[in-house]
Amino acid sequence: MRIELNGAPTELADDTTLVGLIEDRLGGTRGAAVVVDGSVVPRSAWPQFRVADGQRVELITAVQGG
Amino acid sequence: MRIELNGAPTELADDTTLVGLIEDRLGGTRGAAVVVDGSVVPRSAWPQFRVADGQRVELITAVQGG
Amino acid sequence: MRIELNGAPTELADDTTLVGLIEDRLGGTRGAAVVVDGSVVPRSAWPQFRVADGQRVELITAVQGG
Amino acid sequence: MRIELNGAPTELADDTTLVGLIEDRLGGTRGAAVVVDGSVVPRSAWPQFRVADGQRVELITAVQGG
Amino acid sequence: MADQLTIAGVSLSSRLIMGTGGAPSMQVIDEVLEASGTALCTVAMRRHDAATAGSLIDVIDKRGVRVLPNTAGCRTAAEAVRTAQLAREALETDWVKLEVVADERTLLPDPVELLDAAQLLVADGFTVLPYTNDDPVLARRLQQSGCAAVMPLGSPIGTGLGISNPHNIELIVAEAAEGGVPVILDAGIGTASDAAFAMELGCDGVLLASAVTRAQRPALMAEAMAAAVHAGRAAYLAGRIPRRRHAQASSPTEGMATF
Amino acid sequence: MADQLTIAGVSLSSRLIMGTGGAPSMQVIDEVLEASGTALCTVAMRRHDAATAGSLIDVIDKRGVRVLPNTAGCRTAAEAVRTAQLAREALETDWVKLEVVADERTLLPDPVELLDAAQLLVADGFTVLPYTNDDPVLARRLQQSGCAAVMPLGSPIGTGLGISNPHNIELIVAEAAEGGVPVILDAGIGTASDAAFAMELGCDGVLLASAVTRAQRPALMAEAMAAAVHAGRAAYLAGRIPRRRHAQASSPTEGMATF
Amino acid sequence: MADQLTIAGVSLSSRLIMGTGGAPSMQVIDEVLEASGTALCTVAMRRHDAATAGSLIDVIDKRGVRVLPNTAGCRTAAEAVRTAQLAREALETDWVKLEVVADERTLLPDPVELLDAAQLLVADGFTVLPYTNDDPVLARRLQQSGCAAVMPLGSPIGTGLGISNPHNIELIVAEAAEGGVPVILDAGIGTASDAAFAMELGCDGVLLASAVTRAQRPALMAEAMAAAVHAGRAAYLAGRIPRRRHAQASSPTEGMATF
Amino acid sequence: MADQLTIAGVSLSSRLIMGTGGAPSMQVIDEVLEASGTALCTVAMRRHDAATAGSLIDVIDKRGVRVLPNTAGCRTAAEAVRTAQLAREALETDWVKLEVVADERTLLPDPVELLDAAQLLVADGFTVLPYTNDDPVLARRLQQSGCAAVMPLGSPIGTGLGISNPHNIELIVAEAAEGGVPVILDAGIGTASDAAFAMELGCDGVLLASAVTRAQRPALMAEAMAAAVHAGRAAYLAGRIPRRRHAQASSPTEGMATF
């Protein structure tokens, strides 16, 4: 399955959940947020939420900032 | 005829025009403006405009100001 | 014996030493200095120094100051 | 005759007066002052004052200054 | 130095705009208008008061000074628009000094209402000169709304505290210059050096009232302000020396006499 | 406003004293003298240099400006006295701007040598105008020594930092006024508002050189300084409004139109 | 001195809020958090970058410091609201430092968009701490919109120019005090005395980043800022002496020894 | 941060030197000495007054604070020398804070008498800490005379006006550093930020009295001053960020989420 992750075309295993994607990339979910096709997905929905082919996913984290 | 002029009950001769009222009070129209019952009356309409009994008239002039 | 102490006429027992005078007035010598007839008397000389009749004695102490 | 003028060895005609020297160099005396062998020579003495061989002469003028 | 202030295509013979508020008499206003050499002065619009001696507008007209009505006292965009419309009828001018203040204590502009009023008045064909705070962003917004000038405060009206934040004024000037919109320092001037400083920061003009009308000798202070605005403008154009941490001699260090 | 600066009984038609140092040419000095309207300008005394084009003193004389020789470059009282004596012969004046500086980096006056020199020169019949720091005590000492004026710095020579310590200048002015000795703000002026501010503090005049001679357009800056000194003096005499913490309306708060 | 900063009912053990931007490494952030003794620090929300070494949030959590996400980089109310919602999911907090800037050059807040965003976020249940300019009127509007604090700038972000307009900060403090809303001086702090001064003006806290993270020795500067905030707060509570024009002796004028 | 102030070879555990003048009671002095953490405090020498309750020197000794007698009230070098000699006998110390003031109104030092006194006292074996004005030349002269420190004023004694001329203090610091002589900012401090600022300018310590003893809550202000001196010193050592005309973001400008 192919999605766009933070603007870059990315291969993803089928049936990947958001929680799976986040833990795979960040090693945990603390400090992470996700936007799928322009909408913020609530943390509570991540376990059930399965990423679909062609979706635009933004994976956001807390970084240094004033 | 009785009108309210700048908040005060005022006796006025019948058929008084705005231009007449202004000249009577100010000795001229330069620097004057009038509001009748909440609407600004254009300078061009003053000669024809006859004040009616019970109307609320505001006679405004230029005063010292920063 | 009569001396002038800090500008005021003062009765003093004969044979009074400076150290005696200071301890009598201050209960100790820490922080005290003496001027006799315009000269500073060194601390080391106080035990021997006998005040003489008519002398002008200034008894100085440390006070609050900027 | 040889003198030192403003630190530089300078040939001078005999019997040169200070007024002559100044006018020769400046075209006039306005704004000029002279020191001969360390002493200021008053303006009034310039006409009579003959420069002597070997003398140290400072010729001073008014220049731009704060 | 031929160098004129131009607002909305109109050239004015002086960069000093006089407010008429605070003067003890018409006589003083007349003296102040003359001594200041101003070409533009502000007035407020109020109910006719039979008790007032003399006609302000006659004094101004006699001096040949252009009049700039203000919307002083207005708290909302709606009030300001109506007051501007009244002024247009009264003075037959579409120029207006737009004031929309938030409260009586600070007399500071309300940014939201001010911007709304500016947009409405520009749309209604007015030449809008808004009195604003020293926020460069609000000044930009006003400029973009089509105002004919931006008039930031130096400090609150009548305080005489001068220019509290020169850095902001410089930012406003830089951006207005790009847009070709003049900047008039309005409010806060206390004395002549404040006015000169405003011009040195690059302002195109200065508007003041209390500093002159409430001075001990108003006409003399008006003369001072005229000279100060001229001085500050000339200094701005003349290009000041840079500030230096260390001293620099103004007399030669060479050629001292030796004795 | 007829109001003249008087030093040692001599009235001057301008309160702006020009230093001639730092100008790129005699032509610029001539333009600056004219534009400034000054009545008194300083010169330094140096060895004649055949290379120099034109005569400074001729330029000054042609403009009818009185000349004030200085003792720039002197580090001791002895040097300063000799230099003053030279100047007296050269320029036939007993007026002298007394400078005795401690080092080249700061060009700050040496208080001890300065005071010695002042006393010696006064005793020798000179009219002494000492360049001093902004210490009110030293200014008082100079005044008591019989100096014809006191000339405190605003900031070090040539820095253009303006008036670093207005409080000290005010103290100097207050005390000099009691003694009837004029105070000339000397050194540190960078631009027109600095000069106006000096006058507003009560100074009787301003002496500056670099701010004009080293400006990008010297003649225009000279014009600016003349206007600024006039503005500051007029503002001082006119009596400025007090500084207020809170705003004060300059338009009536009563009589708004009701719609 | 037990005296705590309370925001939205939460008491914080320090009045110094640290921004984490500008630090050269996670190690430095960790040292700075420790040395500052802060109880609250800001973070920004950005796309995950695999290249970044270490997890900022882990460092912050380990230090037991509460996190305050910001909306830095947003230019409109809509962007700011979405960014705040992202942060809420990411950090499980409804606190947000609201930034809506008008441009990259000044990084000054856009008053109109800021106010819109504040109202929307308050309505959505956020605890809103808005970064605002020093306009007392805008601060009042934000306060009236239900913000949990107002955070005026001292000067533009990262300039280190300190507090450009103390008068405005005092006006903001006075009005916020009436409303029981804390004032946090945010942006412009350059060094310790700036932070102390902010507290002496009556601010309830100080938020800074660059002044510490970009200092030559960040941890030492963090220590300095902690001490400065404490010093300024204590001085504010202790009641400073009034400023006097004239000197007042601190030693007795009586009782000198006579020789 | 182990970093101690050393004067004449003696290391002091605090960079804050307390004056004891102006305190309402011995009790307050005791609290202030404790809260300030000072290691050195000044006293004046006066005729014994039987009416005085308690012994100042006992309070100071109990706190283990070193005593620094001053020559307050002296107008001439001769008076100051005699007073220093008295103090040496009284307190068995050869340290002296040298004050020679010109008048009661300004309490400013008399530069000529001060310099004479300093030279005489150094010759007599005293460790001289002179209270001086902010003239860098006088400070240099005192340094060259063998003084153990130079103690320039920020502003006149008791005014609380802070540091009127930071530029002069920087010049004094730069030159004293070359000579290895500590600079103590003495007089004029009004509140904590003034003390921090003095240290940021590079001063080695701060001496103050009225700012603490005459504050509404002296002990709390003493705590504030201790923190401020620490903060200012740390900031000086930490290397502040440069002042910038334009803003600099403290959050990344890249990597915004796209919606």
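Residue numbers start from 1 in every chain, and the chains themselves are labelled A, B, ... in the order their sequence lines are given, proteins ahead of strands.
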Heavy-atom pairs under 4.5 Å with chain G are the metric here; pick the option from [options] that has the most.
| options | answer |
| --- | --- |
| G188(H), G160(H), G255(H) | G255(H) |
| A238(H), A231(H), S250(H), A227(H) | A238(H) |
| S155(H), S193(H), P242(H), A72(H) | S193(H) |
| P252(H), G232(H), A222(H) | P252(H) |
| P156(H), A187(H), S210(H), C74(H) | S210(H) |

What I'd like to find out is whether the side chain of [X] reaches to under 4.5 Å of the side chain of [Y], using heavy atoms alone.
| X | Y | answer |
| --- | --- | --- |
| M221(H) | V32(H) | no |
| K97(G) | I17(G) | no |
| L121(H) | V81(H) | yes |
| E99(G) | T42(G) | no |
| R245(G) | T159(H) | no |
| L40(G) | W95(G) | yes |

Can you say whether [X] sits under 4.5 Å from chain H via the side chain, the backbone, both, or neither, judging by heavy atoms?
| X | answer |
| --- | --- |
| A44(G) | side chain |
| A209(G) | side chain |
| I189(G) | backbone |
| P218(G) | neither |

Check: R15(H) side chain, Q4(H) main-chain N or O, donor-acceptor pair, under 3.5 Å: yes
Interface moiety of T191(H) toward chain G, non-hydrogen atoms closer than 4.5 Å: both
Contacting region of L86(H) [heavy-atom separation from chain G under 4.5 Å]: side chain
Most chain H-contacting option - heavy-atom pairs closer than 4.5 Å, from [options]:
| options | result |
| --- | --- |
| R82(G), M45(G), R47(G), Q216(G) | R82(G) |
| G158(G), G21(G), G239(G) | G239(G) |
| A198(G), G190(G), A196(G) | G190(G) |
| R243(G), E254(G), E200(G) | E200(G) |
| A23(G), G22(G), A211(G) | A211(G) |
| A228(G), A247(G), A249(G) | A247(G) |

Q85(H) and E89(H) side chains, donor-acceptor separation under 3.5 Å: no
Salt bridge E104(H)-R75(H), side-chain N to carboxylate O under 4.0 Å: yes
Option from V28(G), V67(G), L56(G), T213(G) for which side-chain contact (heavy atoms from CB on, under 4.5 Å) with T20(G) holds: L56(G)
